[in-house]
Each structure stands twice: as C-alpha cells, then as structure tokens.
Amino acid sequence: MTTIGGLLMGIGRSFRRKRASSLDILSPKRAPRDFYKGKNCKPHGFHTRKGGYVVQQDKLPNYVVPDLTGFKLKPYVSQCPLQVNTNESAEASK
C-alpha cells in the first residue's frame with residue numbers, strides 16, 4: 001500500500017504547476033556553462049575547421065528599393081517642424 005501512495009504522490013508532484021518565475025526566459029546566469037544566448041540573430045555563414053568564416057550570400061539581407069525619380073514626396077520627415085499652422089485644424093473641428 002505504501003508503494004501505491006508513493007507513486008501517486010510522485011505523479012501529483014510531476015503535474016503540480018510550477019511558479020511563473022521558474023518559467024522565465026533562460027539567461028546565461030541560470031543556464032549551463034556552455035550556454036550562449038546571443039541577441040536572437042541568425043548567422044550569415046559558418047565557421048570552417050581552420051578558424052575561418054564563410055559568408056553565405058543567400059543569408060544576407062537583400063533590400064529592393066524602387067526607383068524614386070520624379071516622386072513628389074521627400075524621404076525624410078523632420079521631427080521638429082519650423083512652422084505649424086493650427087488654424088486649419090481649429091476651423092475644421094468647429
């Protein structure tokens with residue numbers, strides 16, 4: 001009878017809900033010695049046996065920029081405009 005009771009207690013312990021603090025993101029302080037977290041970046045290549053590094057062109061970002069000749073809008077919007085007209089917005093709300 002004691003083995004069945006011990007078995008049930010063991011099953012109950014395994015199904016017990018863990019605290020939220022123990023389910024946090026794994027950090028290098030709480031991980032094994034060989035754990036390296038990094039910054040969630042994908043590698044652009046691989047290391048060779050002789051200590052070199054080979055960059056794979058298909059893993060590099062490829063930005064496709066359209067031709068903007070004759071485009072009316074400017075690509076930069078200033079964070080600090082010099083002159084602000086608030087009269088138009090005040091008249092529209094009345």
Residues that Tyr53 engages under ring pair (Phe, Tyr, Trp, His ring centres under 6.0 Å), provided they are two or more places apart: His47
Mind checking who shares a hydrophobic cluster with Phe46, ILVMFWY linked at side-chain heavy-atom distances under 4.5 Å? Val54
Quick one: which residue pairs count as a side-chain hydrogen bond (donor to acceptor under 3.5 Å, both in side chains) with a foot in residues 58-69, not counting sequence neighbours? Gln56-Lys59, Asp67-Thr69
